[in-house]
Amino acid sequence: FPVTIDKFKLDISVTAVFKVSPEALVEVENLGGGDLYVDTAPVKMVAGNLLTQGNIKIFQNVEQVYVKAASRPTVSVRQYK
């Protein structure tokens, strides 16, 4: 079960930074409403960072996750320990 869950609706071109526990496994899910870009550094809008609706990216051993909205997606960030 996730330890923490954050869920946000982002506006066009907004970048959000989520502080996460370095010991946690982190899942970022695009719940819909548009594309978003995800990385562990200031995010660039390139194909390798794209997270389309219904998909999940998983990170480990990170302290923060950057999310940039291409339109108005809803994003879920879950941490598991």
Side-chain angles (χ1 to χ4, degrees):
F1 295 101
V3 174
T4 61
I5 301 174
D6 294 310
K7 183 176 168 184
F8 296 93
K9 176 100 174 147
L10 300 174
D11 283 326
I12 296 171
S13 297
V14 167
T15 299
V17 181
F18 296 93
K19 302 290 185 185
V20 296
S21 172
E23 298 86 31
L25 179 129
V26 180
E27 284 185 351
V28 180
E29 181 177 6
N30 182 342
L31 299 174
D35 291 341
L36 57 94
Y37 295 82
V38 182
D39 201 356
T40 57
V43 68
K44 296 181 179 161
M45 296 176 83
V46 296
N49 295 336
L50 179 62
L51 185 60
T52 55
Q53 180 175 333
N55 289 303
I56 295 173
K57 281 197 176 186
I58 297 173
F59 301 96
Q60 289 183 284
N61 303 315
V62 299
E63 294 182 6
Q64 54 198 11
V65 175
Y66 292 78
V67 178
K68 185 171 181 81
S71 51
R72 291 186 173 92
T74 300
V75 59
S76 172
V77 179
R78 295 182 292 273
Q79 296 184 62
Y80 300 86
K81 287 193 177 183

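Both backbone and side-chain heavy atoms feed into the values below; hydrogens, waters and symmetry mates do not.
Asp39 has its side chain out of reach of Lys44: every pair of non-hydrogen atoms, C-beta onward, lies at least 4.5 Å apart. A heavy-atom distance below 4.5 Å is found between the side chains of Val26 and Val65. Taking 4.5 Å as the limit, every side-chain heavy atom of Lys7 sits out of range of all side-chain heavy atoms of Val75. At least one side-chain heavy atom of Glu27 sits less than 4.5 Å from a side-chain heavy atom of Leu25. By the 4.5 Å heavy-atom criterion applied to side chains, Leu36 and Lys57 are not counted as neighbours.
Residues Val62 and Phe18 are members of one and the same hydrophobic cluster, defined by side-chain heavy-atom contacts under 4.5 angstrom among Ile, Leu, Val, Met, Phe, Trp and Tyr. Cluster membership check: Ile56 does not share its hydrophobic cluster with Val67, using side-chain heavy-atom separations under 4.5 Å among Ile, Leu, Val, Met, Phe, Trp and Tyr. Note on Phe59 and Val77: same hydrophobic cluster, where clusters join Ile, Leu, Val, Met, Phe, Trp and Tyr whose side-chain heavy atoms are under 4.5 Å apart, directly or indirectly. With hydrophobic clusters built from ILVMFWY side chains whose heavy atoms lie under 4.5 angstrom apart, Tyr66 does not share a cluster with Phe8.
For Asp11 against Arg72, the heavy-atom pair with the smallest separation is OD1-NE, 3.9 Å. The nearest pair of heavy atoms linking Glu63 to Pro22 is CG-CG, 3.6 Å. Looking at every heavy atom in both residues, Ser71 comes nearest to Gly34 through OG-CA, 2.9 Å. Annotation for Val28 and Leu51: closest pair O-CD2, 3.5 Å, computed over non-hydrogen atoms.
Evaluation of the side-chain contact (heavy atoms from CB on, under 4.5 Å) rule for Ser21 yields Glu23, Ala24, Gln79, Lys81 as partners, not counting sequence neighbours. Taking the side-chain contact (heavy atoms from CB on, under 4.5 Å) definition, one finds that Leu50 meets it with Asp35, Tyr37, Thr52, sequence neighbours left out.
Distance check: Met45 CE to Lys68 NZ gives 6.0 Å after rounding to the nearest 0.5 Å. From Gln60, atom CD reaches atom OG1 of Thr40 across 12.5 Å, with rounding to the nearest 0.5 Å.
In Lys9, the NZ atom is crowded: over 12 heavy atoms of neighbouring residues, nucleotides or ligands sit closer than 6.0 Å.
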